[in-house]
Amino acid sequence: MLLRTIWRKKKPSIKALRKRPGSLKRKAVKSTSDLELIVISSPVPVPNEADGIQQLFEAGMELFHLRKPDMDQDAFLKLLAQMDSKYCNRMAIHQHHDLADDFGIKRLHFTEWKRKNTAKDELLGLKEKGLKISTSIHDLGLLTSLSHFDYVFFSPVFDSLSKKGYSSSLESGFKLVKPVGSPKVMALGGVELKNLSQVKAMGFDGAAVLGAIWNQTEKERPKILQALMKKEINKLHYISQEPPFNSHLESILHALEAGCKWVQLRVKNLQEQEVLDIAKVARQLCTEHQAQLIINDYVTVAKEVNADGVHVGLNDMSVAAARQILGPDKIIGATANTIDQVIMHAKAHPDYIGIGPFRFTRTKEKLSPILGLEGYASILNAMNSLKINIPVIAVGGIISSDVPALLAQGVHGVAISGDINHATEMERKVEEIYQMLQVAK
Ligand SMILES: Cc1ncc(COP(=O)(O)OP(=O)(O)O)c(N)n1
Ligand SMILES: Cc1ncsc1CCOP(=O)(O)O
Ligand SMILES: [Mg+2]
């Protein structure tokens with residue numbers, strides 16, 4: 001107890017860390033998981049359309065815009081009636097707004113023409129009733145006058161995949177500068193898998209896809225959607241620890257300075273309020289170092305500090321419940337020790353699965369059975385046969401020299417605490433691990 005008090009005295013306070021020069025002043029960095037994805041319907045009828053849309057919802061589609069410029073109200077109603085009502089809260093309609101109430105649809109899109117012909121008061125009235133409203137623009141200069149919209153589609157960002165001759169006029173190196181009060185801006189036009197990272201780099205809040213989905217066969221569409229939604233999962237997860245004479249925040253700061261780009265804040269045995277206080281500073285430190293922050297166990301803390309995601313184990317909140325709280329854009333990782341646990345998690349679409357322990361470790365109490373390389377081989381083979389395509393992060397007692405053998409089993413990356421925390425030259429250790437993972441820091 002006395003020793004613990006002395007350690008605590010030696011630690012810099014949360015306040016002192018928070019006051020590090022520049023930590024608050026720097027602009028927040030958009031994390032890779034922040035991009036929202038919207039699917040817009042084909043403007044023309046598609047064979048088996050309601051089923052096709054349903055399959056996209058089942059594959060995890062977050063938001064769908066039904067846009068049928070030439071469809072009469074009867075046909076529009078028929079199409080809506082064929083869809084599962086549980087997905088209506090993830091749907092916006094562009095035409096026949098008066099059908100929204102009947103289907104419990106809470107999002108209305110205003111075409112350019114309709115926006116110009118609708119009084120602002122009417123739009124504000126819709127918002128007061130709890131509806132979300134969106135519109136389309138081709139001129140970013142309009143953003144200042146559209147602050148009453150929740151989001152806008154700006155097009156064309158790239159050369160359109162579906163409208164021939166509809167070409168981008170954005171200069172290379174374009175960077176979106178949003179005025180104060182601007183609605184969210186979603187990139188539209190020519191967006192596909194190969195340019196999604198460009199959309200992020202340009203600073204858009206999200207992307208809307210049309211041709212990228214509807215130009216595919218019915219079978220391919222859900223797969224393309226999932227590839228578009230896949231969040232980038234770093235191959236090295238640094239797990240924080242409180243070794244002697246260091247606090248979590250100090251350990252995190254060392255790891256960030258050594259080059260870690262993904263930090264999992266894993267605090268055990270503290271009250272939630274204390275975890276929240278630490279998480280707030282960890283958020284700032286990670287943003288400052290352009291790193292992603294995952295909170296272990298505490299889903300509401302992750303929400304409160306706008307962490308990039310959360311990691312939940314078998315005795316924590318379920319992936320589905322965490323998704324309910326954090327929404328579709330955040331990263332959710334889950335723990336498994338057996339293929340049955342992987343199968344169980346896979347149904348809720350976690351963004352990665354931490355599988356372990358690889359070997360004995362003192363970092364975690366009450367370890368599940370040790371897997372060794374054979375354990376990973378068997379689980380990853382079974383995942384392959386079952387076509388479960390979720391990145392696997394190996395965890396537990398891993399040291400840098402284990403990385404090549406684990407990669408050879410097919411893991412996506414590794415989560416490491418002790419081997420980084422106890423390294424005498426942390427920067428060299430982190431560099432070595434990234435090199436073995438064959439990715440740059
Ligand atoms: C990447 C990663 N994988 C597994 C775990 C373990 O999570 P959990 O089983 O909930 O155990 P605790 O870490 O909460 O003790 C993890 N944290 N990270
Ligand atoms: C969080 C966790 N889950 C399984 S083992 C473990 C601890 C990882 O830390 P270390 O790399 O020091 O073994
Ligand atoms: Mg846990």
Side-chain angles (χ1 to χ4, degrees), residues 231-244 246 248 251-252 254-255 258 260-270 272 275 278-279 282 291-302 307-319 321-322 331-338 340-342 344-345 348 350-372 375-376 379-380 390-403 406 411-423 426 429-430 432-433 436-437:
K231 289 148 197 155
E232 280 170 34
I233 304 299
N234 204 294
K235 288 176 183 284
L236 174 57
H237 296 203
Y238 164 73
I239 298 184
S240 79
Q241 222 184 337
E242 205 172 23
N246 259 346
H248 274 281
S251 302
I252 287 174
H254 286 160
C260 290
K261 290 291 176 201
W262 179 294
V263 169
Q264 182 190 125
L265 175 67
R266 180 175 179 269
V267 183
K268 293 285 168 184
N269 309 321
L270 282 189
E272 182 152 343
V275 180
I278 297 172
Q292 279 168 288
L293 173 68
I294 300 296
I295 306 291
N296 185 47
D297 296 345
Y298 294 91
V299 180
T300 45
V301 168
D308 296 284
V310 77
H311 186 94
V312 285
L314 295 159
N315 299 322
D316 303 318
M317 185 184 282
S318 71
V319 172
I331 294 164
I332 298 183
T335 306
N337 177 255
T338 64
D340 286 344
Q341 291 163 358
V342 170
M344 181 269 294
H345 282 314
D351 298 292
Y352 71 88
I353 302 189
I355 299 186
F358 171 60
R359 68 160 67 83
F360 175 78
T361 174
R362 288 188 198 287
T363 309
K364 181 171 155 59
E365 291 169 0
K366 297 189 187 131
L367 286 176
S368 297
I370 308 291
L371 291 172
Y376 286 94
I379 295 177
L380 282 149
I390 302 172
V392 166
I393 301 296
V395 64
I398 295 171
I399 57 173
S400 47
S401 55
D402 295 323
V403 170
L406 283 163
V411 306
H412 172 81
V414 291
I416 298 182
S417 187
D419 196 40
I420 294 180
N421 281 317
H422 304 135
M426 199 186 275
K429 172 64 74 178
V430 171
E432 182 194 7
I433 300 170
M436 287 184 169
L437 288 165

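One is the number of the first residue; the rest follow in order along the sequence. Scope of the values below: all heavy atoms of this structure, side chains included, with no hydrogens, waters or symmetry mates. For ligands, and for the atoms within them, numbers begin at 1 and follow the listed sequence.
Comparing heavy-atom distances from atom 9 (O) of ligand 1 across Thr335, Leu314, Asp316 singles out Thr335 as nearest. Among Glu365, Lys268, Gln264, Arg266, the residue whose heavy atom lies nearest to atom 14 (O) of ligand 1 is Lys268. Here the shortest heavy-atom distance to atom 5 (C) of ligand 1, taken over Lys364, His237, His311, belongs to His311.
Two residues are said to be in side-chain contact when any heavy atoms from C-beta on lie closer than 4.5 Å; Ile420 and Ser400 fail this criterion. Side-chain atoms of Val395 and Lys364, non-hydrogen and from C-beta on, never get closer than 4.5 Å to each other. Side-chain contact between Asn296 and Ile294 is absent, with no heavy atoms from C-beta onward closer than 4.5 Å. Side-chain contact between Val403 and Lys235: absent, with no pair of heavy atoms (C-beta onward) separated by less than 4.5 Å. Looking at Lys261 and Gln292, their side chains never come closer than 4.5 Å, going by heavy atoms from C-beta outward. Side-chain contact between Phe358 and Val411: absent, with no pair of heavy atoms (C-beta onward) separated by less than 4.5 Å. Contact annotation: the side chain of Val414 never approaches that of Asp402 to less than 4.5 Å [non-hydrogen atoms, C-beta and beyond].
Close contacts of ligand 1 with Gly313, meaning ligand atoms under 4.0 Å from a residue heavy atom, involve 8 (P), 9 (O), 10 (O). For ligand 1, the atoms closer than 4.0 angstrom to any heavy atom of Ala415 are 1 (C). Near Asp297, with a cut-off below 4.0 Å to any heavy atom, the atoms of ligand 1 are 10 (O), 14 (O).
Under the side chain to side chain contact (heavy atoms under 4.5 Å, CB included) test applied with Ile355, the options Thr338, Ile393, Val342, Leu380 reduce to a single match, Val342.
Distances from the Mg ion (ligand 3) to each N, O or S atom of Asp297 single out OD1 as the nearest. The atom name of the N/O/S atom in Asp316 closest to the Mg ion (ligand 3) is OD2.
For a heavy-atom separation below 4.0 Å, the residues in contact with ligand 2 are Ile239, Arg266, Thr361, Thr363, Lys364, Val395, Gly396, Gly397, Ile416, Ser417, Gly418.
Backbone and side-chain nitrogen or oxygen atoms of Val395 are examined, and none is located within less than 3.5 angstrom of a nitrogen or oxygen of ligand 1.
In this view, Asn421 and Tyr238, Gln241, Ser251, Ser417 satisfy the side chain to side chain contact (heavy atoms under 4.5 Å, CB included) rule, not counting sequence neighbours.
A salt bridge does not link Lys231 to Asp308: none of the charged nitrogens lies less than 4.0 Å from a carboxylate oxygen.
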